[in-house]
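Working notes, structure below.
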Amino acid sequence: MKFACVCQSGLGTSFMVQMNIQSILEEAGVNIDDFELEHMDVGSATSDAADYFFVESTLVSALPNIPEEKIIPLNSIIDKEIAREGVYKVLDENGIEHQ
Amino acid sequence: MNGFLNFVVSVTTTPALLVGLIAMLGLILQKKAATVVIQGSIKTFAGFLVLTGGAGILVTSLNPFATMFQHVFNAKGVVPSNEAVVALALVKYGTPAALIMIVGFIVNVLLARFTRFKYIFLTGQAMLYVSTMAAVVLISAGLGNGWLTILLGGIFEGTLLTVTPALTQRYMRKITGNDGVAMGHTGNMGYALSGWLGEKFGNRNPEKSTEKLNIPKSLGFLRDSTVSISLVMMVVYIILALIAGPHFVESAALSAGTNYIVYAITQAGTFAAGFVVVLQGVRMILSEIIPAFQGIAKKLVPNSKPALDVPIVFPYAPNAVLIGFFVSFVVGIVSMLIMLGLGTTVIIPGVVGIFFCGGAAGVYGNAFGGVRGAIIGSIANGLVLAWGPLLILPALGSFGANAASTFADSDYIVSGGLLGVMGKAGSATLIIFILAFLVVVLITSALLNRRDKLNAK
């Protein structure tokens, strides 16, 4: 399963979210090798680039071509707990067991 | 033996290999598996080559731009874009820049560990850009590209990036509602100015906040940098082509027969394309290095606060971001027209710098000053963004004189400009200045700690 973290220029913020998600997955006790993480800018984010897109909520309107069910909006980009809720939601949807 | 020596020297002076080795070291220090180490080092190595390739694309678009601008206005037109100028500079100054970044990180960790400035700067691209700027300025000032430049550049970069988050922390507490994160971006001086002016001259009434306004959500597409860069560059390029006229543009030296408007549009698109490639390269270089930095810093500095990239404040006041962007853009256009009148080098508003720095200045101005604060703060910050690049150009020496691009954000402008002035006065002055900067930071920390202790009693 592939997660993409998206921010405006795809450098700092999206990378921080990616590192957060990495540690969330490790803490959740899932098999890390099943997941691929990447960060990118708004312009590079196409709907086939990943299975789920973690995006800061005000940036969702800049991604009209990505189906809504693939987007996980984050109300606060710095809050790891909000990212955790999003990751767990995805894991539950896909029937992946986690802690 | 000579062959071996040549090999070692060649490796360390080939920046692509050097950053690959740095990434490899970081991955080994994190005890990663062999496959991960190989994958990560090769991606970093290739990433650097992607970046230099992107620099080439940018040059093919900026050169005709400079030629046309020179012909039309008889003045030099410069686009401030950190990504563009860094990509160009890294081709020549990659090795000292990469080594400065490492020394700077060590300085950052030490200062955060032993002073009251607990900020660990984690915005990788800003670290890389400040290191590159330091390399260009110090080498232009005659310090050579050996250990002296690397050490002093590292002290400068590390100290600057440890203290600038402190300037805006008062406003960060107000914006985010907690003291846990700091602003790790290179516009902190401008943001502090905006926050301060907003507080002084704005309106504290919470009902006057920018977030009480209704701003159309349809402007969201402008946050796609590829789109906004292309649009702005197209407008600028087409106007330039119209004034220069088909005769000049379709000559052999430029479009060689292609219709001048088509040529202008393609060149604008090429600039955006180069930008995308450079971003990809920067992303690949930093992906392996920053987690290593972060892991090391976390272990060594208890109670540290991460200083993070500028968009972290955008969700707290999205309207203020758009107000800040538009105000700064207008200030940039007006300033450009004044520069044309004055006959100086002309700074063309750089849309990316204006979006990030202008938008954030709006958020900081709004923090204590509402709509009025956001506008006043953005005007002040916009003036810094519009006129500041003129100050830093001389500091970049022969590189600055030839490049059609320059640094954009306030901290590059102020600190790079100061370094340049000191460099002009001689390399001894420059060395003393950088060491004095470090000492002032240490003394300030000690004095503030003492004051807090006395207050506690």
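We name chains A, B, ... by the order of the sequence lines, and we start the count at 1 in each one. These numbers come from a predicted model, not from an experiment.
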*Residue pairs fulfilling salt bridge (Lys or Arg N to Asp or Glu O under 4.0 Å) with at least one residue in residues 30-42 of chain A, sequence neighbours excluded*: A/Lys2-A/Glu36, A/Lys2-A/Glu38, A/Asp41-B/Arg283
*Is there a side-chain contact (heavy atoms from CB on, under 4.5 Å) between B/Val86 and B/Gln125 once you walk through the steps?*
CA-CA 10 Å; B/Val86 164; B/Gln125 81 275 18; over 6 Å; no
*residues 16-26 of chain A: residues contacting chain B (heavy atom under 4.5 Å, by number)*: A/Met16, A/Met19
*Short N-O contact, B/Glu288 and B/Lys32, less than 4.0 angstrom*: no
Region of [X] that comes under 4.5 Å of a non-hydrogen atom in chain B:
{"X": "A/Glu56", "value": "side chain"}
{"X": "A/Ser14", "value": "neither"}
{"X": "A/Ser57", "value": "neither"}

Heavy-atom proximity to chain A below 4.5 Å, by part of [X]:
{"X": "B/Gln294", "value": "side chain"}
{"X": "B/Phe355", "value": "side chain"}
{"X": "B/Leu279", "value": "both"}

*Counting distance only, does the side-chain N/O of B/Ser230 pair as donor-acceptor with the main-chain N or O of B/Gly269 below 3.5 Å?*
no
*Where the side chain of B/Gln30 meets the backbone of B/Ile296, is there a donor-acceptor pair that is under 3.5 Å apart?*
no
*asked:* For a quick check under 3.5 Å, do B/His185 and B/Asp411 share a side-chain donor-acceptor pair by atom type?
replied: no
_Set out, in order, the CA-CA distance, both residues' side-chain angles and the distance that settles side-chain contact (heavy atoms from CB on, under 4.5 Å) for B/Tyr129 and B/Glu83, then state yes or no._
CA-CA 8 Å; B/Tyr129 299 172; B/Glu83 284 73 16; 3.5 Å; yes
*Check B/Ser81 against B/Ala408 and note the closest heavy-atom contact, atom names and distance.*
N-CB, 4.5 Å
*Most chain A-contacting option - heavy-atom pairs closer than 4.5 Å, from B/Val310, B/Val352, B/Leu308, B/Leu122*: B/Leu308
*Test A/Leu59 against B/Phe314 for side-chain contact (heavy atoms from CB on, under 4.5 Å), laying out the working first.*
CA-CA 10 Å; A/Leu59 209 53; B/Phe314 289 180; over 6 Å; no
